[in-house]
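Here is the structure we will look at, set down as structure tokens.
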Amino acid sequence: MLSLKKETVAMLLAGGQGTRLYALTRDVAKPAVSFGGKYRIIDFPLSNCVNSNIDTIGVLTQYKPFDLNQYIGNGQPWDLDRLSGGVFVLPPYSKGGESGDWYKGTANAIYQNIEFVDKFSPEYVLVLSGDHIYKMNYDKMLDYHKEKGADCTIAVINVPLAEASRFGIMNTNPDNSVYEFEEKPKQPKSTNASMGIYIFNWQKLRKYLIEDENDPNSSNDFGKNIIPNMLKDGQKLFAYNFKGYWKDVGTIASLWEANMDIINEQSGINLADNTWKIYARNTAEHPHVTGQDARIINSLVTEGCEIDGTVINSVISSGVKIEEGAVVENSVIMPNAIVEAGAVIKYSIVGQGAVVGKCAKVGETQDGKDGWKIAVVGPYGKVADKQIVKIGEMVD
């Protein structure tokens with residue numbers, strides 16, 4: 001009989017509704033959104049786990065889970081179709097004949113799956129978010145956790161002081177021990193932003209999850225409840241400084257920026273690095289095809305595409321058609337979208353299966369909403385022939 005004992009179990013929080021992605025998450029959870037031509041956002045934490053020798057992962061789904069569940073399947077693309085361990089999709093479920101409750105918060109999501117974690121008797125639990133783009137060796141973070149004798153280790157990244165108020169901030173002593181956690185402070189004392197990546201000693205976390213669930217005033221959240229309670233009780237919490245590329249793609253602007261980063265050699269994210277591959281479930285598409293007048297400059301063009309127009313500094317996903325005379329510049333075109341002849345798309349995201357009509361202009365003008373610097377065409381949206389969609393506008 002195969003042993004289920006694992007040193008570390010990863011719990012991947014993938015139920016995010018992603019309201020700030022608007023139409024892009026109308027029908028799918030945020031971790032299932034297309035990224036980088038051939039990936040989904042969730043491919044990054046899943047691949048990080050496998051590359052870090054963590055082979056037992058619970059994926060906690062909730063909002064619009066069908067597409068994400070289908071995409072993960074048996075885990076084969078990430079080498080997670082295993083007899084011992086593997087990937088497990090964990091939606092909220094009913095207990096004792098009662099209807100199941102939605103996960104009330106990040107801590108409650110893990111609490112509802114205590115029995116799942118217990119089956120593997122782990123020493124450690126790695127808690128991850130399903131909506132970040134980054135490459136990270138969790139094995140090194142675990143070594144650090146052991147070296148410090150920590151009860152909890154929180155991955156942090158240094159952010160500009162002007163942006164620190166947007167994050168949960170970990171204030172630390174010289175040895176990186178955490179003495180205070182501040183959630184989006186108006187006047188931050190440090191720039192150590194929590195990445196939402198935690199390693200806990202399981203038995204310690206298990207105790208705090210049960211206590212938190214029994215507190216009627218709790219928000220059932222790691223940042224608001226579990227971490228502060230552990231600090232209050234004098235538990236050993238340490239910050240782990242991560243120095244690589246990391247981006248939370250929870251907004252339209254950040255999703256567009258992260259896509260642009262993968263075609264920028266100076267950005268720090270390299271998807272062509274075979275020493276740390278990002279794996280994905282891909283359909284078998286033919287190689288991309290270019291017409292005699294096609295022009296492609298500094299762009300990522302995925303398999304299955306037919307390019308007869310001009311593509312500049314853009315990310316073109318699988319199955320996209322760009323017709324003759326069309327121009328796509330500084331934009332992200334998601335799978336199976338069609339850009340018809342003569343259309344011009346600049347500083348935009350065009351969703352899966354959308355159609356931009358002949359001679360339409362998307363993102364052409366600069367007088368859109370303050371702070372939103374791109375235009376969006378939602379999944380399966382239709383931009384009419386010669387229609388103008390300004391920067392900051394959305395066609396759903």
Side-chain angles (χ1 to χ4, degrees), residues 10-11 13 16 20 45 48 105-111 124-209 211-212 215 217-251 254 268:
M11 298 295 277
L13 300 165
R20 292 178 299 164
N48 286 338
T106 54
N108 174 258
I110 308 298
Y111 169 82
Y124 310 102
V125 167
L126 170 67
V127 178
L128 303 169
S129 173
D131 50 9
H132 300 152
I133 301 298
Y134 65 111
K135 292 183 175 184
M136 182 177 181
N137 189 334
Y138 304 134
D139 210 19
K140 290 184 177 180
M141 183 176 171
L142 180 59
D143 287 344
Y144 177 89
H145 177 85
K146 295 175 181 177
E147 175 190 322
K148 293 292 188 180
D151 297 303
C152 171
T153 298
I154 302 118
V156 299
I157 192 165
N158 188 48
V159 298
L161 183 61
E163 297 181 17
S165 294
R166 296 174 41 226
F167 297 92
I169 297 297
M170 297 289 169
N171 297 321
T172 60
N173 297 306
D175 65 350
N176 282 335
S177 59
V178 178
Y179 68 84
E180 183 181 32
F181 173 73
E182 296 182 286
E183 181 66 32
K184 298 181 180 179
K186 290 182 179 179
Q187 295 182 316
K189 299 174 186 175
S190 78
T191 55
N192 290 327
S194 171
M195 298 167 65
I197 300 170
Y198 312 103
I199 293 177
F200 293 93
N201 296 340
W202 171 236
Q203 290 304 320
K204 187 77 56 128
L205 174 60
R206 193 180 191 281
K207 169 183 174 292
Y208 276 91
L209 289 173
E211 290 177 357
D212 180 71
D215 179 359
N217 298 316
S218 176
S219 299
N220 305 122
D221 184 82
F222 278 104
K224 295 177 182 177
N225 305 108
I226 300 295
I227 300 299
N229 287 341
M230 293 183 75
L231 282 171
K232 182 181 65 177
D233 292 346
Q235 302 296 333
K236 296 178 69 176
L237 278 71
F238 282 84
Y240 175 77
N241 291 290
F242 177 69
K243 301 189 184 301
Y245 178 95
W246 176 84
K247 189 176 283 287
D248 181 340
V249 288
T251 66
S254 62

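The structure displayed is predicted, hence computed values, not measured ones.
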K148 and T153: CA distance, side-chain angles, deciding distance, side chain to side chain contact (heavy atoms under 4.5 Å, CB included) verdict: CA-CA 9 Å; K148 293 292 188 180; T153 298; 5.7 Å; no
Answer yes or no: is there a donor N or O on one side and an acceptor on the other, between the side chain of T172 and the main chain of S177, under 3.5 Å? no
Please list all pairs meeting salt bridge (charged side-chain N to carboxylate O under 4.0 Å, His left out) that have one or both residues in residues 153-162, counting only residues at least two apart or in different chains. none
Nearest heavy-atom contact between A150 and F238 is CB-CD1, 3.8 Å
Side chain to side chain contact (heavy atoms under 4.5 Å, CB included) between M141 and I197, intermediate numbers included: CA-CA 10 Å; M141 183 176 171; I197 300 170; 4.0 Å; yes
Would D248 and S254 count as a side chain to side chain contact (heavy atoms under 4.5 Å, CB included) here? Give the steps. CA-CA 7 Å; D248 181 340; S254 62; 5.5 Å; no
For residues 139-167, which residue pairs pass the ring pair (Phe, Tyr, Trp, His ring centres under 6.0 Å) check, not counting sequence neighbours? Y124-H145, Y144-Y240
Are more than 12 heavy atoms from other residues, nucleotides or ligands located less than 6.0 Å from atom CD of Q187? no
For K224, does the NZ atom sit with more than 12 other heavy atoms under 6.0 Å from it, leaving out its own atoms? no
I need the I169 CD1 to K184 NZ distance, nearest 0.5 Å. 11.0 Å
Can you name the nearest heavy-atom pair linking M195 to H132, along with the distance? O-CE1, 3.2 Å
Looking only at atom types and distance, does a side-chain atom of D212 sit under 3.5 Å from a main-chain N or O of S218, one as donor and one as acceptor? no
Is it true that a side-chain atom of N173 and a backbone atom of D175 form a donor plus acceptor pair closer than 3.5 Å? no
Short question: side chain of T106, backbone of F222 - any donor-acceptor pair under 3.5 Å? yes
Shortest non-hydrogen separation from A164 to P188 and the atoms involved: CB-CG, 3.7 Å
Can you spot which of K207, R206, K236, K204 makes a salt bridge (Lys or Arg N to Asp or Glu O under 4.0 Å) with D151? K204
Do side-chain atoms of D215 reach the backbone of N217 as a donor and acceptor pair under 3.5 angstrom? yes
Do I157 and Y134 come within less than 4.5 Å of each other through their side chains, counting heavy atoms only? no
Quick one: pull up CD in E211 and CD1 in I226 and give me the separation to the nearest 0.5 Å. 8.5 Å
Measuring from L205:CG to I199:CD1, what's the distance to the nearest 0.5 Å? 12.0 Å
Between N158 and N241, does the side chain to side chain contact (heavy atoms under 4.5 Å, CB included) criterion hold? Intermediate values first, please. CA-CA 8 Å; N158 188 48; N241 291 290; over 6 Å; no
Taking the side chain as C-beta and beyond, is there a heavy-atom pair between F181 and L237 under 4.5 Å? no
Distance (rounded to the nearest 0.5 Å) between Y179 OH and K189 NZ: 5.5 Å
A quick test of your reading: do over 12 heavy atoms of other residues, nucleotides or ligands sit less than 6.0 Å from NZ of K146? yes
Rounded at 0.5 Å granularity, tell me how far CG in L209 sits from CZ in F200. 7.5 Å
Check whether any side-chain N or O of S190 sits under 3.5 Å from a backbone N or O of M170 as a donor-acceptor pair, and report yes or no. yes
N192 side-chain N/O to N171 backbone N/O, donor-acceptor pair under 3.5 Å: no
Donor-acceptor pair, distance only, cut-off 3.5 Å: does the side chain of D131 make one with the backbone of G250? no
NZ-CD1 distance between K247 and I133, expressed to the nearest 0.5 angstrom: 10.5 Å
